[in-house]
**Student:** 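Here it is, the structure in full.
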There are 2 protein chains.
Amino acid sequence: MVARMHHSASPRKGRTGRPRSTEADRAILDATRAALVDLGWGKLTMSDVAARAGVAKTTLYRRWANKNELVVDAVAVLFDELELPDRGCLQSDIEGVVLQFGALLARPETKTALMAVVAESTADEALRERIRSAIVDRQKRLVILGRERAQQRGELPPDRPGPAGEQAAAQAIGLTFDLIAGAIVHRTLVTAEAVDTAWAHQLSTVLIRGLGGLG
Amino acid sequence: MVARMHHSASPRKGRTGRPRSTEADRAILDATRAALVDLGWGKLTMSDVAARAGVAKTTLYRRWANKNELVVDAVAVLFDELELPDRGCLQSDIEGVVLQFGALLARPETKTALMAVVAESTADEALRERIRSAIVDRQKRLVILGRERAQQRGELPPDRPGPAGEQAAAQAIGLTFDLIAGAIVHRTLVTAEAVDTAWAHQLSTVLIRGLGGLG
DNA sequence: GCAGTTACGCTACGGGTCGTAGCGTAAGAG
DNA sequence: CTCTTACGCTACGACCCGTAGCGTAACTGC
C-alpha cells in the first residue's frame, strides 16, 4: 500500500504494547475523503477530520506528520481501482481507460485532493516524490501494459532491440502518459467539462493516429 | 488587463478624493510573485506580501478580497506573453508554442501559482470562473489562430459550413487545447521533467498526425 | 486657499488553525 | 501482573486571517 510513517509501517511482530487501531486508520482516511468533499482543501482542518473519525486530534498526528501526508495517503488508494480493459483493439482499450480515469476525476474527493496535493508539491520536493511513488508511477503500468498488448496484436511495431530502442520506448511511454493523463486532468479541472464517450473517442482517435509510428 | 475589484477598475475621471496608488498596485503584485517563489502557496501570507511591498496589510484588503483573488491577478499577466510564432508550417508553430509554454511553466512563480489557484478552484466555482476568463480562455486564442493559419496553408481541411461544422470545429479546438496544455502541465508539474526541444518535437509530431483528419 | 472625499499607514483585535505537551487510562505482550 | 505502547482529553503558544478605528496624506472642486 502506501508508505505510512517514519516509525513503523505494519504492526511488526516483535512489537510490544498496545497496537495501533486499524479501525482508527480506516476511519481517519474515510473521514479525510469525506471532509475533502464537503470542505475542499483550503477549509479542511485536522480537528474536523478527527471529529468526523471519532478520534482525538493527537491520534492523527501520531500517524501523519501533517495535512499533506494524510491527504496523499487518503487519496492514493482511489487510483488503484483503475484497470486496463481488454476490448480487443488498442483504440477501444484507450477509450476504456480514459473513461475510467475521467469518472474517477469527476468524483469530488479525487478532484480536490489530487489538485491540492499536486499544488502543494510544487514547493515541496519530498511531497512530490511521495506523490510520484504513491500515485503517478503506479498508474504508468496502464500505459506499459496497453502498449505491450498492442505490440502483441501487431497494432504497434515491436521495440527495437538495444539501449537505443529501450530509450525510445521509455520516451514513448512517458509522452503517452503525459498526453492521456494531462488531457483528462486538464479537461476535468481547467476546462471543467465532462469526459464523456464522445470526447474519449476523439481523444483515442488522435492518439492512435499520432502514436502509431513513434516506436 | 484583469478585472480588479468590485468598486471600480481604472481611476474614473469623475472621481474625487485621493487616488489609488498605482505604484502600490505594482509593488503588491510583484511582491506576491516573489513571495510565491520563496514560500510557495501554503506558506504565503498576506502580512508577508504587504511587508515585501512596503505597504500596510490593509491596503491589500482594500484591493483584493482574499488571497486567491490576489494570486490570480498576480499570475494572469504572466500568461499574456505567450505568442504563436510563424515558422512556416503547423508543426513548427506548435513546437514553438509548446516550448514557450514549457518555459513559462518552468518558472517557479508560474508553476506554483497556477497549480495552487487551480487547486483552490476545485471547491470554488467563482474562482474557477475567474481563472477561466483571466487565463485559460485568453490562451485558447493560440489554438484558434494556429488552426486558421494551417487551414489557409492547406495543412488542415477547412471547416465544413453550417452549424454541424462549427460544432465540430469547436470540439476540435477544445480537444487540441486540452491535449497541448494538459500534456505540458502534466509533464512539468507531475512528471517533473523538462519541456525540451526533443520532447516538443515528439509532441508536435503526434499532434500533427493525430489531428490531421479530425475536421 | 479650503472643505470634501478617498486612500494610506498603523495598531489592535476576535476568531480560527496548527502542531505539541502532559496526563490519566485502555489494550495487548510476556 | 508488569511493561510497553496507543488512546482520549485538555490546554497551550504561535501563527495567520480579515476587520475596525484612528490620524494623516493626497487629490478635486469650489
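Every heavy atom of this structure was used, including side-chain atoms; hydrogens, water molecules and symmetry mates were not. Since we're looking at a predicted model, the values are computed, not measured. Numbered from 1 within each chain, the chains take letters A, B, ... in sequence-line order.
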**Student:** Would you check if there is a donor-acceptor pair between the side chains of B:Arg141 and B:Gln139 at a distance under 3.5 Å?
**Tutor:** yes

**Student:** When only distance counts, do a donor and an acceptor, one from the side chain of B:Lys57 and one from the base of C:dG9, lie under 3.5 Å apart?
**Tutor:** no

**Student:** Could you tell me the separation between the CZ atom of B:Arg62 and the C1' atom of D:dA20, rounded to a whole number of Å?
**Tutor:** 11 Å

**Student:** Reading DNA chain D from 5' onward, which residue's closest nucleotide shows up sooner: A:Ser21 or B:Lys67?
**Tutor:** A:Ser21

**Student:** Would you mind telling me which of D:dC3, C:dT5, D:dC17 lies closest to the side-chain atoms of B:Thr16?
**Tutor:** C:dT5

**Student:** What integer distance in Å separates B:Tyr61:OH from C:dC8:P?
**Tutor:** 16 Å

**Student:** Rounded to the nearest Å, what distance is computed from the CD atom of residue B:Glu23 to the P atom of nucleotide D:dA26?
**Tutor:** 12 Å

**Student:** So if I take every side-chain heavy atom of B:Val55 and compare against D:dC16, C:dC8, C:dG9, which nucleotide ends up nearest?
**Tutor:** C:dG9

**Student:** Do A:Val97 and A:Leu82 have side-chain heavy atoms sitting under 4.5 Å apart?
**Tutor:** no

**Student:** For B:Met46 and D:dC17, what is the distance between atoms CE and P respectively, to the nearest whole Å?
**Tutor:** 7 Å

**Student:** Between B:Thr59 and C:dG9, does any side-chain N or O lie under 4.0 Å from OP1 or OP2?
**Tutor:** yes

**Student:** Does OP1 or OP2 of C:dC8 have a side-chain N or O of B:Arg63 closer than 4.0 Å?
**Tutor:** yes

**Student:** Could you state the atom-to-atom distance from CG of A:Leu70 to P of C:dC18 in whole Å?
**Tutor:** 11 Å

**Student:** When we call it a touch if two heavy atoms are under 4.0 Å apart, what does A:Thr58 touch: a base, just sugar-phosphate, or nothing?
**Tutor:** base

**Student:** Rounded to the Å, how far apart are A:Glu69 CD and C:dG19 C1'?
**Tutor:** 14 Å

**Student:** Kindly indicate whether the side chain of A:Arg20 and the base of C:dG28 share any N or O donor-acceptor pair separated by less than 3.5 Å?
**Tutor:** no

**Student:** Closer to the 5' end of DNA chain C via nearest nucleotide, is it B:Gly54 or B:Arg18?
**Tutor:** B:Arg18

**Student:** May I ask you to test the B:Trp199-B:Glu193 pair for a side-chain heavy-atom distance under 4.5 Å?
**Tutor:** no

**Student:** Using whole Å, what does the distance between atom P of nucleotide C:dA7 and atom CG of B:Leu60 come to?
**Tutor:** 15 Å

**Student:** Is any side-chain N of the basic residue among A:Arg147 and A:Asp159 closer than 4.0 Å to the acidic one's carboxylate O?
**Tutor:** yes

**Student:** B:Asp25 CG to C:dA7 P: how many Å, rounded?
**Tutor:** 11 Å

**Student:** Is the shortest distance from a Lys or Arg side-chain nitrogen in B:Asp38 or B:Arg52 to a carboxylate oxygen in the other one below 4.0 Å?
**Tutor:** yes

